[in-house]
Number of protein chains: 2
Amino acid sequence: MLGDSHSLPLLREILYGYRRFSELATLTGAPRSLLTSRLRKLESAGVIARRRYSERPPRDEYVLTDAGYDLVPVLLALKVWGERHTGEHHQPTAVFRHRCGAELHPVVVCEACGDEVRPGEFEVSGGTHPPILRP
Amino acid sequence: MLGDSHSLPLLREILYGYRRFSELATLTGAPRSLLTSRLRKLESAGVIARRRYSERPPRDEYVLTDAGYDLVPVLLALKVWGERHTGEHHQPTAVFRHRCGAELHPVVVCEACGDEVRPGEFEVSGGTHPPILRP
DNA sequence: CGCAGTCAGTCCGGAAGTTGGACCTACAAC
DNA sequence: GTTGTAGGTCCAACTTCCGGACTGACTGCG
């Protein structure tokens with residue numbers, strides 16, 4: 001779902017609160033035809049919803065569903081990675097503010113012990129790997 | 001970097017510990033030619049490294065770099081999402097065990113207050129959005 | 001030695017996905 | 001009635017992807 005070109009940037013912009021077709025077109029740089037098909041695909045995947053906000057003229061907007069909001073940890077983790085590992089500090093990045101009042105710096109922790117999950121501090125086992133089937 | 005087809009599954013398998021070309025080929029299902037170019041791309045992005053483990057015959061293996069391990073939170077967050085939101089419980093998924101002994105259930109928390117970051121409990125501001133430039 | 005098998009690829013032609021520009025419908029403003 | 005905006009669709013070029021065949025450098029077996 002996220003492995004398609006433009007899907008990740010598209011979701012990011014929607015998370016940032018942009019919800020209009022033409023905003024998303026210019027922000028992502030995706031051709032409008034592709035944007036249409038990505039929006040439809042994400043909609044049928046259940047992560048965004050299309051809402052008609054004007055009947056006449058007919059106007060639609062796109063917002064995250066609850067399942068879409070659940071992708072926030074993924075996007076935040078990716079944001080953290082990007083800021084740490086790419087020299088391209090893409091302009092003033094968005095600032096996330098948590099309800100606690102502080103600027104939101106997301107950290108991935110182990111639920112059991114509460115410690116941050118760092119490289120090498122965990123083991124992967126099992127990992128039976130389904131062959132990937134594409135329809 | 002992750003928006004290319006097969007990149008995410010590929011990184012997952014490498015995280016699971018598979019490091020040989022032909023393993024990765026069958027696990028991801030990607031054609032070998034594509035796999036080659038993805039591995040090269042990820043290598044030049046600095047998330048994986050190619051190591052020669054045999055001179056004769058020449059054999060290479062692929063492992064995560066430190067920057068690659070820093071992607072673990074992203075992959076873990078995605079794993080959590082997938083398990084919660086897709087009916088396809090893809091066979092026995094891999095089990096991650098944290099050094100604390102418990103099975104690793106990753107949670108994204110706010111660094112300041114330590115609370116889990118949930119939908120609607122934060123605000124995005126700023127979000128100046130560079131137009132995406134593709135070379 | 002000769003033959004089979006494995007590993008890490010490359011090569012190639014057809015299929016699929018992407019791109020940007022033109023075009024369309026439905027309005028609103030002047 | 002002309003211009004502008006929003007949300008698209010259509011299409012022909014272009015790029016990527018696919019899967020199967022092929023290669024080179026070995027190892028193992030009898």
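Each chain gets a letter, A, B and so on, in the order its sequence line appears, and its residues count up from 1. Owing to the predicted nature of the structure, the values given are computational and were not obtained by experimental measurement.
- At a non-hydrogen distance threshold of 4.0 Å, B:R50, B:Y53 from residues 41-54 of chain B come into contact with DNA chain C.
- In this structure, B:R19 places its CZ atom 16 Å from C1' of C:dC7, rounding to the nearest Å.
- Separating the CZ atom of A:R40 from the P atom of D:dG7 is a distance of 11 Å, rounded to the nearest angstrom.
- Residue pairs meeting the ring-ring contact (aromatic ring centres under 6.0 Å, His included) criterion with at least one member in residues 51-73 of chain A, sequence neighbours excluded, do not occur.
- As a whole-Å value, the separation of A:F21 CZ from D:dG7 P is 8 Å.
- Applying the 4.0 Å criterion to OP1 and OP2 of C:dT10, one finds that B:T36 has a side-chain N or O inside that range.
- Evaluation of the side chain to side chain donor-acceptor pair (under 3.5 Å) rule for B:R32 yields no partner, not counting sequence neighbours.
- Remark: A:T36 engages A:F21, A:R40 in a side chain to side chain contact (heavy atoms under 4.5 Å, CB included) (not counting sequence neighbours).
- Using a 4.0 Å heavy-atom cutoff across all strands shown, A:D4 reaches no nucleic acid atom at all.
- Put simply, A:H6 has a side-chain N or O that comes within less than 4.0 Å of OP1 or OP2 on C:dT19.
- Atom CG of A:L39 and atom P of D:dT9 are 10 Å apart (whole Å).
- Between B:L34 atom CG and C:dG17 atom C1' there is a gap of 13 Å when expressed in whole angstrom units.
- In this view, B:R59 satisfies the side chain to side chain donor-acceptor pair (under 3.5 Å) rule with no residue, not counting sequence neighbours.
- Within the 4.0 Å cut-off from OP1 or OP2 of C:dG17, not a single side-chain nitrogen or oxygen of A:S5 is found.
- In this structure, B:L35 places its CG atom 12 Å from P of D:dC17, rounding to the nearest Å.
- Partners of B:D4 under the side chain to side chain donor-acceptor pair (under 3.5 Å) rule, at least two apart in sequence or in another chain, are B:K41.
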Kindly give the atom pairs (protein nitrogen or oxygen, nucleotide nitrogen or oxygen) under 3.5 Å for nucleotides 20-22 of chain C.
from, atom 1, to, atom 2, distance (Å)
C:dG20, O6, A:S33, OG, 3.4

Listed pairs, N/O of protein and of nucleotides 23-30 of chain D, under 3.5 Å:
from, atom 1, to, atom 2, distance (Å)
D:dC26, OP1, B:R56, NH2, 3.4
D:dC26, OP2, B:R56, NH2, 3.3

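- The side chain to side chain donor-acceptor pair (under 3.5 Å) search around B:E116 returns B:R118, not counting sequence neighbours.
- With B:I48 as the fixed residue, the side-chain contact (heavy atoms from CB on, under 4.5 Å) test singles out one of B:V63, B:L11, B:L71: B:L11.
- Among the nucleotides C:dC7, D:dC18, D:dG8, the one closest to any side-chain atom of A:Y62 is D:dG8.
- Separating the OH atom of B:Y18 from the C1' atom of C:dC7 is a distance of 18 Å, rounded to the nearest angstrom.
- Here B:S33 pairs with B:P31 under the side chain to side chain contact (heavy atoms under 4.5 Å, CB included) rule; sequence neighbours left out.
- Summarising the geometry, the separation between CG on A:L24 and P on D:dA6 is reported as 12 Å, rounded to the nearest angstrom.
- For A:R20, the salt bridge (charged side-chain N to carboxylate O under 4.0 Å, His left out) criterion is met by no residue, not counting sequence neighbours.
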Taking distance alone, no hydrogens or angles, what donor-acceptor pairs closer than 3.5 Å link side-chain atoms of residues 94-106 of chain A to residues at least two apart or in another chain?
from, atom 1, to, atom 2, distance (Å)
A:R97, NH1, A:G101, O, 2.8
A:R99, NH2, B:D115, OD2, 2.9

